[in-house]
Amino acid sequence: MAAPHAPLRRLAPQIIILAAVLALNLAVFPDFFRIEFQNGRLFGNLIDVLNRGAPTALLAIGMTLVIATRGIDLSVGAVMAIAGAVAAKIVVDGHGWGTALLGALAAGGACGLWNGVLVAWLRIQPIVATLVLMVAGRGVAQLVTEGTILTFLNEGLIHLGAGTILGMPTPVVIWIALGAGVTWAVRRTALGLLIEAIGINESASRLAGINAKVLLTCVYLVSGLCAALAGVIVAADIKGADANNAGLWLELDAILAVVIGGNSLLGGRFSITASLLGALIIQSVNSAILLSGMPPEFNLVIKALIILVILVIQSPRIGHWLYILRASGGDPAPRRKTPVKETAR
Amino acid sequence: MTDPVRPVLHARGITKFFPGAIALADVELALHPGEVHALLGENGAGKSTLIKCLTGAYACDGGVVELDGQLVDPGSTQESQKLGIGTVYQEVNLLPNLTVAENLFLGRQPTRWGMISRRRMAAEAAEVLAGYGLDIDVREPLSHYSVAVQQVVAIARAVEMSGRVLILDEPTASLDQGEVELVFDVIRRLKARGLAIVFITHFLDQVFAICDRATVLRNGHVVGTRALADCAPRDIVHLMLGRQLESEVRERHGGQGGEVLAEIDGLGRRGMIEPFSMRIRQGEVIGLAGLLGAGRTETANLIFGAVQADQGGVRLRGRALSLKGPRDAIAARFALCPEDRKTDGIIGDLSVRDNIILALQARQGWARPIPRAKVEEIAQGYVRALDIRAASLDMPIRLLSGGNQQKALLARWLATEPELLILDEPTRGIDVGAHAEIIQLIERLREEGMSLIVASSEIEELVAYSTRVIVLRDRVQVAELEGGEITAGNIVRAIADEDREVA
Amino acid sequence: MTFKATLLAGAVALAPMAAVADDDLTIGFSQIGSESGWRAAETTVTRQQAEARGIDLKFADAQQKQENQIKAIRSFIAQGVDGILLAPVVATGWDDVLEEAQDAEIPVILMDRTVDADESLYLTAVTSDLVHEGQVAGEWLAKEMDGQPCRIVELQGTTGSSPAIDRKAGFEQGIEGHDNLEIVRSQTGDFTRSQGKVVMESFLKAEGGANICALYAHNDDMAVGAIQAIKEAGLVPGKDIRIVAIDAVPDAHLAIANGEMNATIELTPNMAGPALDALEAYLQSGTQPAKWIQTESRLYTAADDNMAVYEEKKSLGY
């Protein structure tokens with residue numbers, strides 16, 4: 001049993017890919033790794049990747065748990081818009097940033113609970129259940145902002161998106177702390193195990209005495225809370241709640257981050273750290289595209305190509321090849337040569 | 001060994017790796033025309049893996065397969081079917097809502113002017129099945145017929161599509177004696193037609209009844225191929241286990257058990273099982289007997305709360321229990337090892353260790369994780385106590401053989417220290433060795449004072465360990481046998497005889 | 001001219017035009033929806049215009065769906081309105097319903113966008129000229145720099161959208177012949193504030209803040225986002241980097257008033273004013289207007305009273 005090395009081995013593909021994409025950044029922009037300290041904040045492309053990756057990373061934390069239960073949460077982008085709108089509305093109405101943050105979290109939590117009840121209690125398929133809020137949520141956010149970009153000047157709230165803590169942009173601190181916190185919470189308690197069990201075989205888990213309904217609801221609740229935080233950060237970053245655009249299509253990036261993190265959409269074993277690396281990989285790809293100075297018409301094609309390559313490298317078949325390669329390379333005893341059949345199916 | 005006839009199928013050097021384990025090592029298998037060849041071995045010996053390699057379901061990591069002297073390399077089960085290798089699995093792999101004829105011809109329906117001709121299809125299907133001694137209405141949905149008939153249809157489909165090698169993976173596992181004969185009859189006909197047939201089963205008597213030769217696997221290696229005319233069952237068992245089975249005869253330990261643990265009073269659910277009552281004492285094993293569909297599993301599920309009863313109730317030491325679901329039952333120290341290991345038992349992708357501690361952890365709640373050291377102690381303890389064979393506790397449980405999975409599930413429930421352990425078909429689909437061990441375990445647990453309810457279709461087995469047997473027929477309890485009454489003959493009579501009612 | 005006169009000609013009180021005797025005119029207005037602040041402002045201004053002229057305006061919000069617009073027009077025809085204002089959500093598929101209006105002799109005026117239908121089917125189209133807007137921005141920057149070398153970064157609109165294409169082309173026309181002006185980086189900011197900020201951050205890193213002299217953004221929202229990025233990079237927006245954008249939304253006026261932005265070109269929400277002028281003239285004297293009425297693309301700079309415009313515009317629903 002190689003327990004101490006197991007986590008590292010699990011993360012190896014993501015770490016290698018991240019390194020490769022960062023190297024690509026370096027190739028298109030030689031000063032990529034330069035970090036300066038100016039105006040009391042760290043300043044550099046690497047910091048930008050960490051900072052701009054925050055919304056996707058936050059969503060990926062919740063999404064990882066949801067996907068581990070064999071579910072999916074399509075509503076997170078819309079929940080971001082709602083949370084941002086609620087936070088903006090509260091400070092515009094003259095309350096403090098703490099109230100705004102709590103209000104946004106309450107709104108996100110309510111959305112998550114709603115999803116959880118639809119999935120766990122009413123047994124609606126997750127993709128359908130969360131689609132409801134994905135479609136309706138942005139409308140709710142527009143009702144809150146009354147159709148405009150709700151601009152605010154509350155320094156405390158703005159600090160959450162655009163400020164720094166010890167020189168590090170606040171969003172970076174928030175997502176790293178939350179990622180570490182949730183990872184700690186699921187691995188130091190039995191939550192992780194129970195969530196995985198539900199994702200792999202819900203019926204067997206129920207028979208083993210796992211309270212699947214409550215756990216499923218909690219998982220969507222966490223996803224809603226993560227989305228709310230992401231929504232507050234995005235709104236704070238631009239000092240305004242943009243109900244039309246905040247978090248638009250970000251649910252897909254979050255799902256992609258989870259997948260790049262090597263987590264199966266069919267549920268089961270999960271790694272939040274790997275998903276967070278996945279979010280950083282996506283952001284690094286975005287960064288490379290922006291820095292390359294290519295005409296914007298190429299953005300999506302290049303992004304798609306890079307991600308395709310990443311997913312192909314991670315495919316189980318390629319993994320099996322590598323396993324065979326390692327097994328035959330690392331075996332000192334000359335084995336009788338038998339034709340190795342590797343049919344590409 | 002010299003082969004006078006050239007084999008139809010000859011596999012050599014077949015090797016297959018699983019992550020962290022070698023499933024097959026340099027396996028050789030030769031099938032002669034007109035021979036029924038048994039493939040034997042304990043669970044986990046590599047039988048299923050070998051079949052999957054031969055049929056292209058797995059890509060093997062080494063070795064060659066020759067069919068009629070030609071090298072073949074099927075990349076998928078469809079390809080191997082085309083080459084002439086047909087397979088029939090224990091669970092019939094057909095579509096129950098289609099007609100018999102459609103099932104037989106699915107994917108290659110006879111057509112007229114580009115349209116499927118239903119009339120021609122029915123006529124041809126009837127003709128084909130007549131060749132198997134089956135005279136049924138082929139226009140009825142497949143689900144109308146018994147599992148045995150479905151099994152024969154599956155065999156017919158496989159033979160019609162492939163026609164040279166037929167692999168039967170435990171085709172008789174869920175059949176009764178008469179039905180087994182029906183299938184055997186078909187096998188004999190096919191043998192006469194010159195097919196090479198691989199027959200996989202756990203029933204040694206069936207092996208000697210129908211097979212010509214047997215190849216025995218152990219731990220992924222071939223330990224021997226024998227002509228069955230020249231050897232006795234114990235030789236084969238010896239090959240399989242590497243040791244002689246302990247004496248089968250067992251003394252019945254008497255006793256009516258101790259205090260009453262639980263009383264079940266008129267528990268039932270409309271459309272599923274008629275209300276039933278029973279008293280469960282400490283230190284007794286209640287056997288549930290009956291044909292398939294008689295209500296054994298339903299009874300077990302109802303007591304455990306896996307299915308909610310709509311009438312009656314359960315009292316534990318005189319206090320009424322509210323059983324709204326498995327969690328309530330587990331809190332009352334009930335445990336249930338379900339019939340369908342794959343869908344209701346194991347959490348396939350989780351490690352053996354996690355599977356073992358799962359129920360205990362679920363009862364403790366998420367906030368109180370079992371410490372790592374304790375987990376290790378529990379898991380290792382049960383691995384030793386139950387002789388669970390796994391390369392590592394980190395291995396996903398789905399990679400274990402059926403018998404070892406079953407033992408791990410038993411470990412899961414024993415870890416919760418249950419007072420009432422319900423076992424539904426604890427020995428289904430597992431090998432001889434594990435079978436004997438599980439029966440011993442049941443005895444031991446009873447001696448330690450645990451109450452057990454065991455539902456099983458194996459009457460001999462029920463006779464061996466039950467202190468009381470409840471017989472079910474058509475979802476009604478029809479008899480209760482105690483002490484000396486418990487004999488295979490009495491049970492069979494109770495199952496079959498409509499008139500005999502034992503109080 | 002003060003901004004009030006331009007923006008809300010006759011809207012506030014009884015301006016001279018309202019004196020025209022058209023007491024009983026009923027006009028139908030099929031609006032796309034309220035997908036942006038500008039759209040909301042357009043609706044508000046249209047209502048104000050109608051009220052000031054004593055016109056009974058029947059308003060229908062199509063919620064981004066053409067079939068809703070077609071339904072609305074049919075119901076206007078059935079009610080026998082005197083004229084129809086249509087802000088079409090898409091360009092195609094209008095022939096049938098426009099013919100129905102023509103048969104009923106109800107003039108239709110297109111607002112803000114045009115359609116792919118025969119010109120004879122509508123009275124006129126009142127739109128801004130996207131290319132012209134870009135050109136005004138380019139010319140302003142050329143004049144502002146007055147021959148000094150300037151490296152420009154551009155925040156494009158959503159890739160492939162017609163405002164992005166036309167505003168880019170117009171700006172390039174505007175700076176044509178000024179060799180001192182060079183667009184060094186151009187990337188899409190999707191018309192959103194947050195993308196504007198993100199992309200500006202990457203421009204600042206890639207070029208170095210000191211090497212960028214001006215920013216041209218295809219809309220104000222992206223410029224407002226970029227302003228924050230510039231500030232966070234330790235530069236002074238409006239001074240270290242000149243900023244010109246298009247739309248003239250309230251926040252842009254605020255930014256100009258605060259000295260953080262230099263210029264914005266108005267995409268006026270007052271399409272209804274010229275449209276109703278043309279309609280009234282046609283109904284009263286049969287005057288055929290031109291087939292295309294171009295709205296003014298007014299340039300706002302620090303020279304204007306931006307705070308006043310800001311306060312005024314905020315009430316329009318931006």
Side-chain angles (χ1 to χ4, degrees), chain A residues 1-3 6 9 68 70 185-215 218-219 264 266-270 316-317 319-328 331 335-345, chain B residues 12-15 17 19 26 53 56 59-64 73-76 79 301 304 306 325-331 335-338 340-350 354-355 357-370 392-394 396 398 409 412-413 416:
Chain A
M1 195 176 100
R9 197 184 316 150
R70 201 180 265 244
V186 295
R187 293 304 171 197
R188 287 294 140 165
T189 68
L191 273 178
L193 173 67
L194 302 185
I195 288 171
E196 285 176 349
I198 291 176
I200 297 166
N201 189 340
E202 194 184 333
S203 132
S205 303
R206 224 173 55 81
L207 283 175
I210 297 175
N211 201 341
K213 279 183 184 168
V214 169
L215 266 180
C218 287
V219 159
S264 166
L266 295 177
R269 309 301 300 264
F270 68 89
R317 184 134 301 256
H320 189 67
W321 282 344
L322 291 178
Y323 175 76
I324 297 287
L325 218 64
R326 263 212 310 273
S328 45
D331 188 359
R335 190 185 298 148
R336 200 172 74 187
K337 215 56 188 162
T338 45
V340 171
K341 293 200 290 184
E342 269 308 327
T343 42
R345 251 185 291 146
Chain B
R12 279 174 295 148
I14 302 290
T15 302
F17 305 108
D26 200 11
C53 282
C60 40
D61 299 318
V64 290
D73 181 10
S76 66
E79 224 177 288
N301 284 345
F304 189 63
R327 288 174 60 76
D328 293 333
I330 293 167
L336 168 72
C337 257
D340 193 331
R341 252 192 328 262
K342 278 218 173 60
T343 62
D344 297 333
I346 62 167
I347 313 286
D349 281 339
L350 284 190
D354 288 344
N355 266 283
I357 60 140
L358 192 65
L360 184 61
Q361 181 64 70
R363 191 176 66 191
Q364 283 207 6
W366 60 269
R368 292 174 51 213
I370 306 170
S392 137
L393 284 179
D394 288 320
R398 67 185 152 80
L409 285 181
R412 174 194 291 175
W413 289 113
T416 66

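Because only heavy atoms are used, hydrogens play no part in the values below, and waters and symmetry mates are left out as well, while side chains stay in. Naming: A, B, ... by sequence-line order, numbering from 1 per chain. In this text the structure is predicted, and so the values were computed from the model without any measurement.
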remark   = Ranking G268(A), G199(A), A197(A), S205(A) by heavy-atom pairs under 4.5 Å to chain B gives rank one to A197(A)
ask   = Highest number of heavy-atom pairs under 4.5 Å with chain A: which of T416(B), N355(B), L336(B), I347(B)?
value = I347(B)
Gap between atom CZ of R327(B) and atom CG of N211(A) - 0.5 Å precision = 4.0 Å
request  = Against chain A, work out which of L358(B), L409(B), I357(B) has the most heavy-atom pairs shorter than 4.5 Å and name it.
outcome  = L358(B)
message = Restricting to non-hydrogen atoms, name the atom on G345(B) and the atom on A204(A) that form the minimum distance, rounded to 0.1 Å.
response = O-CB, 3.4 Å
request  = Select one option (side chain, backbone, both, neither) describing which atoms of R368(B) are under 4.5 Å from chain A's heavy atoms.
outcome  = neither
inquiry  = Between L207(A) and F304(B), is there a side-chain heavy-atom distance shorter than 4.5 Å?
reply    = yes
ask   = So which part of R206(A) gets closer than 4.5 Å to some heavy atom of chain B, the side chain, the backbone, both or neither?
value = both
query = Roughly how far apart are S203(A) OG and D340(B) CG, rounded to 0.5 Å?
reply = 8.0 Å
message = Quick check on I330(B) against chain A: is it the side chain, the backbone, both or neither that has a heavy atom closer than 4.5 Å?
response = side chain
note = Closest non-hydrogen atoms of A208(A) and A362(B), given as atom of the first, atom of the second and distance, are O-CB, 3.7 Å
task = Answer yes or no: is there a side-chain heavy-atom contact under 4.5 Å between N201(A) and D344(B)?
result = no
Nearest heavy atoms of R269(A) and L350(B), plus distance in Å = CD-CD2, 3.6 Å
inquiry  = Which one wins on heavy-atom pair count under 4.5 Å against chain A: A306(B), P338(B), P369(B)?
reply    = P369(B)
task = Counting only heavy atoms closer than 4.5 Å, note whether L191(A) contacts chain B via side chain, backbone, both or neither.
result = both
